[in-house]
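Okay, so here's the structure we're looking at.
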Amino acid sequence: MAAKDEWDKILPTDLATQLARKTVEAWGLSIKDIQLWTSSMVVLGWFKSQISRLKTYVANRINQIMEITESEQWRHVRIDENPADILSQGVTPRELQDKVLWWYGPHWLAEEENQWIQHAVPLISKDQMPERRPIKLVLVAVNYLDKLLQVKRSGTNVTQYLVVSELRSAENILIKRTQADEFSLQLLAKRKQREIPKCSKLNRLHPLLRKDGPIVIGVRLENADLDENQIHPIVLQAKHKITRLIFEDHHQALLHCGPQMLLAKVRQCYLPLRGRIMAHSTVTRCINCVRARPRFETPLMAPLLKQRVQMSRPFTIAGVDFAEPLQIQSDIRRVTTKKGKDSGVCMLCYQSHTPRTRRRLNERSVPCSLT
């Protein structure tokens with residue numbers, strides 16, 4: 001019931017926005033010169049909040065309103081001064097005749113704009129804001145002990161934001177955790193300087209163990225003028241969640257590119273096993289890509305000509321068929337030349353008018369009409 005009450009607050013606001021747009025179009029005004037009022041502090045709080053943090057239904061309505069108006073155009077009016085609240089409470093036509101608020105609005109609205117009554121609106125805090133999307137997971141792995149030791153040595157203050165080195169360190173920790181889940185036996189063998197089991201998928205890739213922990217590939221491109229991540233890409237298992245998140249992040253960063261471009265971008269730093277399947281799966285599961293993909297309807301074929309479907313003698317109605325240039329080799333000098341070919345075709349049986357058929361048909365080989 002609580003969600004339904006909040007939806008009932010946003011629908012009148014959306015309706016008022018559409019009405020204001022129709023009014024300014026009819027009068028030739030600008031929508032920026034219109035002031036709109038609402039008695040819902042929840043709706044005003046939604047206007048001030050981040051739309052991506054709201055649930056789907058409310059976020060879509062707020063987007064529609066913000067495409068037409070600005071949040072600064074919306075003001076708060078008390079319930080006892082809101083004319084629209086009269087009908088929502090229920091009133092008879094006889095009683096409505098005596099409602100001055102319904103016919104003229106608040107008394108202060110007839111005065112100058114600088115004399116309008118401005119009520120102090122206590123906005124709802126973000127924690128108490130209804131219809132907010134909960135944060136499911138935020139994971140950043142940072143070694144704060146090293147950071148505190150560095151601050152103690154240098155005497156500087158601790159920054160409240162993450163620097164590039166900390167983000168790379170967090171990414172390295174997640175990559176090592178991913179490989180520990182999927183390649184535990186291979187990691188153990190490499191750390192003990194033993195051979196990788198022959199049944200392992202990494203055995204034919206000649207893996208190496210980097211100094212900072214993860215397993216990388218690459219022995220043939222060491223002399224290439226490439227980045228270190230391209231020479232020794234990190235191995236990832238396709239079915240792991242971190243691998244899918246990496247593919248989805250690159251897919252969005254490249255503006256929803258195709259599978260081939262996505263795989264080429266990921267392979268600049270990583271070597272995902274079964275990467276083509278993962279790239280194709282990422283693109284096909286993207287909601288924006290599915291919605292933007294056009295669906296072409298197969299056009300209906302035109303009806304066949306009457307010469308093709310009505311009975312007649314062979315080659316009574318004939319046409320000309322132009323074939324592509326053919327390569328003809330002479331028997332004397334073995335010279336290959338290209339020559340075009342055209343032949344008469346019966347419109348009924350679609351048989352070529354060759355010398356063999358000409359001898360068989362005799363005088364019938366001469367068509368009555370040519371199409």
Side-chain angles (χ1 to χ4, degrees), residues 1-91 96 99-136 252 255-256 286-292:
M1 292 298 293
K4 185 178 183 301
D5 294 340
E6 304 304 333
W7 293 355
D8 293 340
K9 295 177 181 179
I10 194 63
L11 288 177
T13 309
D14 190 11
L15 181 60
T17 305
Q18 300 297 331
L19 180 60
R21 182 174 62 86
K22 294 291 185 180
T23 303
V24 297
E25 289 178 357
W27 290 357
L29 302 177
S30 175
I31 192 65
K32 304 300 181 182
D33 300 333
I34 301 297
Q35 298 293 332
L36 299 102
W37 309 81
T38 179
S39 59
S40 175
M41 293 187 295
V42 175
V43 175
L44 293 176
W46 286 339
F47 290 156
K48 300 295 183 180
S49 62
Q50 190 176 0
I51 299 178
S52 59
R53 292 293 310 277
L54 301 176
K55 292 185 178 180
T56 305
Y57 181 84
V58 176
N60 292 338
R61 303 286 84 76
I62 297 297
N63 269 327
Q64 291 180 0
I65 297 172
M66 291 293 101
E67 287 178 358
I68 302 175
T69 62
E70 301 289 341
S71 60
E72 291 78 9
Q73 296 179 244
W74 288 91
R75 302 186 182 186
H76 181 261
V77 60
R78 294 189 308 183
I79 296 179
D80 56 349
E81 296 179 346
N82 189 3
D85 192 64
I86 297 176
L87 295 182
S88 62
Q89 293 179 357
V91 64
L96 190 62
K99 295 291 184 179
V100 180
L101 181 63
W102 169 258
W103 297 105
Y104 301 101
H107 63 88
W108 46 265
L109 197 61
E111 301 176 0
E112 296 293 334
E113 184 176 355
N114 54 6
Q115 297 180 1
W116 287 353
I117 300 177
Q118 299 291 338
H119 301 286
V121 182
L123 294 179
I124 303 176
S125 61
K126 296 182 179 180
D127 298 334
Q128 299 178 355
M129 186 75 66
E131 297 298 313
R132 284 179 61 85
R133 193 190 304 271
I135 299 177
K136 295 182 179 180
Q252 295 178 3
L255 303 178
H256 300 272
C286 179
I287 298 177
N288 295 331
C289 293
V290 172
R291 290 179 178 176

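Atoms considered below: every heavy atom in the structure, side chains included; atoms not considered: hydrogens, waters and symmetry mates.
Arg21 and Gln18 are linked by a side-chain donor-acceptor pair at a separation below 3.5 angstrom, with hydrogens and angles left out of the test. Side chains of Thr38 and Trp74: no donor on one and acceptor on the other come within 3.5 Å.
Note that NZ of Lys48 is 5.0 Å distant from CD of Glu72, once rounded to the nearest 0.5 Å. For the atom pair CG (Leu11) and OH (Tyr57), the distance works out to 4.0 Å, reported to the nearest 0.5 Å. Rounding to the nearest 0.5 Å gives a distance of 11.5 Å between CG of Asp14 and CG of Leu19. Interatomic distance, CE of Met66 versus CZ of Arg61, reported as 13.5 Å (0.5 Å rounding). Here CD of Glu67 is found 12.0 Å from CD1 of Ile62. Values are rounded to the nearest 0.5 Å.
Residues Glu81 and Pro106 approach most closely at O-CG, 3.2 Å, considering heavy atoms. The shortest non-hydrogen separation linking Pro83 to Trp102 is O-CE3, 3.5 Å. Across Ala16 and Leu36, no two heavy atoms sit closer than the pair O-CD2, 4.0 Å. For the pair Asn82 and Ser39, the tightest heavy-atom approach, listed with the atom from each and the gap, is ND2-OG, 3.4 Å. Minimum heavy-atom separation, Ser30 to Val24: O-CG1, 4.1 Å.
The salt bridge (charged side-chain N to carboxylate O under 4.0 Å, His left out) search around Asp80 returns Arg78, not counting sequence neighbours. Legend: residues meeting side chain to side chain contact (heavy atoms under 4.5 Å, CB included) with Trp27, ordered by chain and number and at least two apart, are Thr23, Leu29.
Residues Ile65 and Ile10 are in side-chain contact: their nearest non-hydrogen atoms beyond the backbone lie under 4.5 Å apart. Counting heavy atoms from C-beta outward, Ile31 and Thr69 have side chains that approach closer than 4.5 Å. Side-chain atoms of Gln64 and Thr17, non-hydrogen and from C-beta on, never get closer than 4.5 Å to each other.
Within a 6.0 Å sphere centred on NZ of Lys32, heavy atoms belonging to other residues, nucleotides or ligands number more than 12. Within 6.0 Å of CD on Glu25 lie more than 12 heavy atoms contributed by other residues, nucleotides or ligands.
A distance-only check finds no donor-acceptor pair linking the side chain of Trp46 to the backbone of Ile51 [under 3.5 Å].
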